[in-house]
Every structure is written in C-alpha cells, then in structure tokens.
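What follows is a single structure, written as structure tokens, with notes after it.
Values below: every heavy atom of this structure, side chains too, minus hydrogens, waters and symmetry copies. Lettering follows sequence order; numbering is per chain, from 1.
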Amino acid sequence: MITTASTVDPVEPAAQRSIIFADGYLNKLSGERIEYECRRRLETGCRELELNFSNTEIVNSIGISILLGVIDTASDKGARIVFSEVNDETVELFEMLGLTKHVVIE
Amino acid sequence: MAEHSHKLIHAFGALAELGHEITNKNNFQETIRTSLHLISGALGIMRGSVARYSRFGHELNMLAIRGLGDDFPLSLSLCSEDERQFLSNGLNPIEISQAKVLPFFQVYDSSFERRSLELFVPLVVRDEIVGAIFLGEKASGDPYTNYEKEIICAMGHHIGVAIAQRNLMAEIERQAEQNRLLFDEMRSTYHDTVKAFAAAIDCKDKYTEGHSVRVGKFSEIIAAEMGWGNDEVEGAAVAGYLHDVGKLTVERKIINAPYRINAKESAELNKHPSVGFEILQPIHHPFTDVPLAAKYHHERLDGRGYPDGLFDREIPYIAKIVNLADSFDAMTTDRPYRARRGAKDVIEDLQRNAGRQFAPELVTAFLGGLLKELAGENREKRFRRLLGREYMETEGIRDKLRYTLNEMAPTTPMTYVAAAASVSELPIH
Ligand SMILES: [Fe+2]
Ligand SMILES: [Fe+2]
C-alpha cells in the first residue's frame with residue numbers, strides 16, 4: 001500500500017485499469033515504492049495501469065528513472081501504461097526523453 | 001536546438017543533484033542507488049547498473065541494478081588483459097557492440113545482449129579501477145550522442161570518486177582496527193610488566209607478601225566506586241601496583257624488621273616514595289600520573305605525612321586513593337609486630353581519620369563498595385577475594401557499615417535523622 005497513491009478500482013482487480021497517483025515523492029529515492037506498487041499490480045494481472053500526475057508539478061531525473069522502471073516492467077508483462085493529467089512541461093520532458101514512445105498520454 | 005538546450009538543462013539538473021547527493025549523504029548504498037536513478041533519468045536510459053571493483057577478487061560486484069533481470073550476474077570477473085585495457089581507456093564509455101575482442105565482453109556477451117546493454121563505463125579514478133557502470137538502451141531507441149557520453153563521463157566521475165572515498169574510509173577503518181589491536185597488545189604487555197614489578201616488590205618483604213597487588217586492586221575498587229572511566233580505573237590500579245617500587249632500594253632487613261624500626265631505619269624506609277618517583281618518572285604511563293602517586297602515597301590531608309608534608313589540596317588525587325588503599329591493606333593484614341585488625345575496628349579507623357589522613361569521599365566510596373558487596377548488590381566478590389571469607393563474615397559488619405556511612409554521608413536529612421534516632425539500638429560494639 002502506498003499512502004497517497006490510492007486505488008480507484010476496488011471492484012475488479014484483474015484485467016482492468018488500475019490507477020496510481022504519482023504525487024510528490026516520485027522524485028526521491030522513496031519513489032521506488034511507486035515502482036514496487038506498479039509491479040505488484042502488474043504481477044497480479046492488471047493489464048492497464050494509469051499513473052495520474054494531477055498532484056505532480058515537476059518530474060526530476062529520479063522520477064524519470066522510476067517511471068522508466070514502471071514502463072520496463074509493463075512491457076515485460078505486455079501491459080499498457082497510461083499517464084494522465086500530465087502538465088505541458090512534463091509532457092515535453094517525457095517526449096524529449098523518449099518515454100512517450102512507450103506510454104499513452106491522456 | 002531548443003530541445004538540445006532543454007535536454008542539457010535537464011541533465012545538468014541531474015548532475016547538480018548527483019554532486020549534492022554524493023557530498024551530503026552518508027548512506028553509501030542509497031547514494032549509489034540514487035546515482036543510478038540520476039543517470040538513467042537524466043538521459044532516459046531504460047536499465048543499467050553500478051558496480052564496485054574488488055582489486056583482490058578481480059571482480060565487479062553490483063551495488064545497484066535496474067531492470068537487468070534476476071539472471072544477470074551480480075559479480076563479474078575481469079582478467080588482467082581486461083584490467084589493462086580499461087585502465088588505458090580511462091573513465092570513458094565503451095560501446096559494448098564494438099568491444100567484443102576483450103575477454104570480459106566475450107564471457108558475458110549473452111547477459112549483455114539479453115538486456116540490450118549498450119555502454120560500459122570503467123570507473124577509473126587516479127589510475128585505478130574502482131568500479132563500472134553498465135547502461136542499456138535509451139527509451140527513445142536512439143543511439144547515444146557524444147554530448148550524452150560526456151554527461152555520462154561527468155556523472156561517472158562523481159560516482160567513481162564516491163566509491164574511491166568509500167574504499168579509503170574502509171581502509172582507514174581497517175587500519176584503525178589494526179592499531180587498536182596493536183594498542184591492546186601493548187597495553188596488556190604494559191600491565192604484565194607492571195604486575196611483574198609488583199610481584200618483585202612484594203618478594204622483598206615476606207610479611208607483606210602480595211601487598212602491592214592488593215593495593216592495586218583496592219585502588220581500582222576506589223576509583224571504580226568514584227565512578228571513574230575504565231582508563232582511569234586502570235590507571236589507579238597501576239598506581240597501586242607500583243606505589244612501593246622505591247622499596248626495591250631499601251635494605252631487606254629494614255623492610256622485614258620484626259619490630260618497630262628505629263629512627264635511622266625509619267628515615268631510610270621513608271625515602272621509598274621519592275625513590276619510587278625517580279624510578280617511575282622516566283617511564284610514560286598512560287591514563288594517570290603513576291610517579292606522583294608513588295611520591296605522595298604517604299602524605300596526609302592534615303599535612304602530617306611525608307615526604308613533603310603536603311596539605312589536602314596539594315596532594316594529587318591519585319595519591320590520596322593509593323594512600324587509602326595502602327593503609328587499608330596495612331590494617332587488614334598481619335604485620336611482623338601485630339596481627340590484622342578486626343573489620344569493625346578498621347571501619348572506625350577509616351571514619352575517624354577521614355578528613356585527617358583520608359579524603360572523606362574516598363572513604364565513603366570505598367566502604368560503600370564493601371557494603372554493596374556484602375548486601376549482594378555487587379556479585380564480583382572483589383573484597384572477598386582480597387580479605388577472605390571469614391573476615392567478610394565478621395558479625396555485625398553490615399550494620400556497622402550502614403551506620404558509619406549514614407554518619408559520614410547521609411543520603412538525605414530524613415535518613416540521617418532516622419539513623420541517629422536508632423543509634424542506641426544498633427549492635428555496634
Ligand atoms: Fe609505601
Ligand atoms: Fe605500601
């Protein structure tokens with residue numbers, strides 16, 4: 001369980017979209033917990049993972065690395081990753097670093 | 001061009017953070033893990049790892065690893081040819097696809113290919129391999145540009161320095177540990193020497209056999225009861241062991257005289273503190289001033305001692321401790337001209353002479369230690385070993401001690417009043 005990243009899909013755990021909120025601590029070493037949480041959900045059958053950035057103003061290099069970890073795991077599992085509510089500046093950064101080649105931005 | 005500068009700014013942000021991380025954190029593992037995140041995140045690299053090089057095992061051991069899978073080796077061996085090539089390459093990224101001639105890349109080829117590793121960066125710091133960075137493909141799928149390689153070099157240098165520093169610290173710790181062992185050895189040699197000396201002093205005097213050793217142990221007890229630290233307690237013991245070293249030069253017949261010695265003989269004997277000082281002065285004693293303890297162990301608070309007739313504050317504290325231990329041993333052992341004195345008599349003597357000969361707080365600390373042992377609060381049997389069971393079981397000794405301690409150092413006015421009120425009921429005679 002991550003404290004601030006709350007699940008929105010308690011009804012159907014598998015084969016459905018699971019939402020995780022990226023939040024502020026994505027940018028620190030503690031953000032690795034987001035990665036573990038994503039991996040856990042992907043391993044329990046989640047096929048589409050949504051990462052919500054509504055509370056994330058900026059993403060730094062540690063944040064990028066953690067997101068890359070999530071993308072890597074998802075591609076291993078054949079799951080889809082969706083980034084939602086990302087601000088323009090961050091989208092630009094994701095494009096620049098090639099993350100947008102692996103995820104859908106909503 | 002705009003994107004290029006945008007990338008640069010992002011990468012420099014990561015570089016700055018890496019510098020901050022390395023200079024400010026002291027958890028090495030976390031620093032390395034963060035470093036790997038920073039490199040990956042700075043350039044959008046999918047996977048990679050940071051390894052530390054063991055010069056002795058000739059292997060790269062993984063410190064942090066991302067996305068390389070469970071089957072990736074955690075320890076990779078280098079042969080001397082690899083080492084040589086990496087050293088001459090310096091801290092620069094090597095394209096794995098173009099380095100297949102080196103044994104290292106041949107041996108681990110399948111592992112590297114499976115996780116599409118593209119760059120290998122030997123971390124060479126001051127002409128020494130301290131580690132390596134492995135980097136996989138970029139999220140964009142594009143090849144690494146020269147400017148990206150430069151950023152990798154800069155970040156790699158930071159990480160290499162962090163590892164080198166860590167190695168240096170480990171080396172310093174190892175040497176400190178070795179020094180400590182050496183010091184302990186010297187310390188025990190010193191103590192053995194001191195004990196040998198004490199035995200030699202005691203040999204001269206058949207009636208006071210074991211006197212120096214006992215005075216050492218009593219001094220140790222007093223210092224410990226005063227709450228001194230381990231080193232100081234040890235110093236007090238040494239001062240006790242050696243306090244009579246000056247007796248080595250006094251004629252045996254004076255020391256062994258089975259009668260009260262005359263004035264001339266007494267003058268001869270009374271030189272032993274100063275002679276002891278002369279003997280001990282040239283030796284460096286850790287923790288305490290052993291020579292001064294020898295010189296002044298026959299001084300009294302009231303100024304009636306010898307050799308200098310010093311008063312209370314002029315007497316070194318360690319000498320006061322040894323004086324109490326020395327007197328206590330003299331009273332509690334048989335002498336050529338009299339038998340040992342009874343426990344209660346000795347306690348009374350100490351109380352009576354507190355403030356005259358002895359420092360009162362030392363007397364209360366010492367008697368307090370004796371009471372603790374008798375009451376079973378201290379199970380070390382420090383006194384019992386020195387005084388014998390019978391002596392320790394003198395009837396009424398515990399009450400006598402309680403009463404004396406209450407008189408000398410009441411813990412609170414209440415207990416003092418209570419003790420005073422019950423004086424007549426105490427079997428103290
Ligand atoms: Fe003496
Ligand atoms: Fe003595």
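- When each of A/Lys28, A/His102, A/Glu32 is checked for heavy-atom pairs under 4.5 Å with chain B, A/Glu32 comes out on top.
- Using a 4.5 Å cut-off between heavy atoms, B/Leu43 contacts chain A through its backbone alone, with no side-chain atom that close.
- At a threshold of 4.0 Å, the pair B/Glu30-B/Arg33 does not count as salt-bridged, since none of the basic side-chain nitrogens sits closer than that to a carboxylate oxygen.
- Using a 4.0 Å cut-off between charged side-chain N and carboxylate O, A/Arg39 and A/Glu35 make a salt bridge.
- Residues forming a side chain to side chain contact (heavy atoms under 4.5 Å, CB included) with B/Arg180 (at least two apart in sequence, or on another chain): B/Glu177, B/Asp184.
- The residue among A/Ile66, A/Leu99, A/Ile71 with the most heavy atom pairs within less than 4.5 Å of chain B is A/Ile66.
- A salt bridge links A/Glu106 with A/Arg17: the closest approach of a Lys/Arg side-chain nitrogen to an acidic carboxylate oxygen falls below 4.0 angstrom.
- Aromatic ring orientation, B/Phe86 versus B/Phe120: tilted (interplanar angle from 30° to 60°).
- Ranked by heavy-atom pairs under 4.5 Å with chain B, the first of A/Asp72, A/Thr100, A/Val59 is A/Asp72.
- Contact annotation for B/Ile45: only backbone heavy atoms (N, CA, C, O) come within less than 4.5 Å of a heavy atom of chain A.
- Of all the listed residues (B/Met46, B/Glu17, B/Arg66), the one sharing the greatest number of non-hydrogen pairs under 4.5 Å with chain A is B/Arg66.
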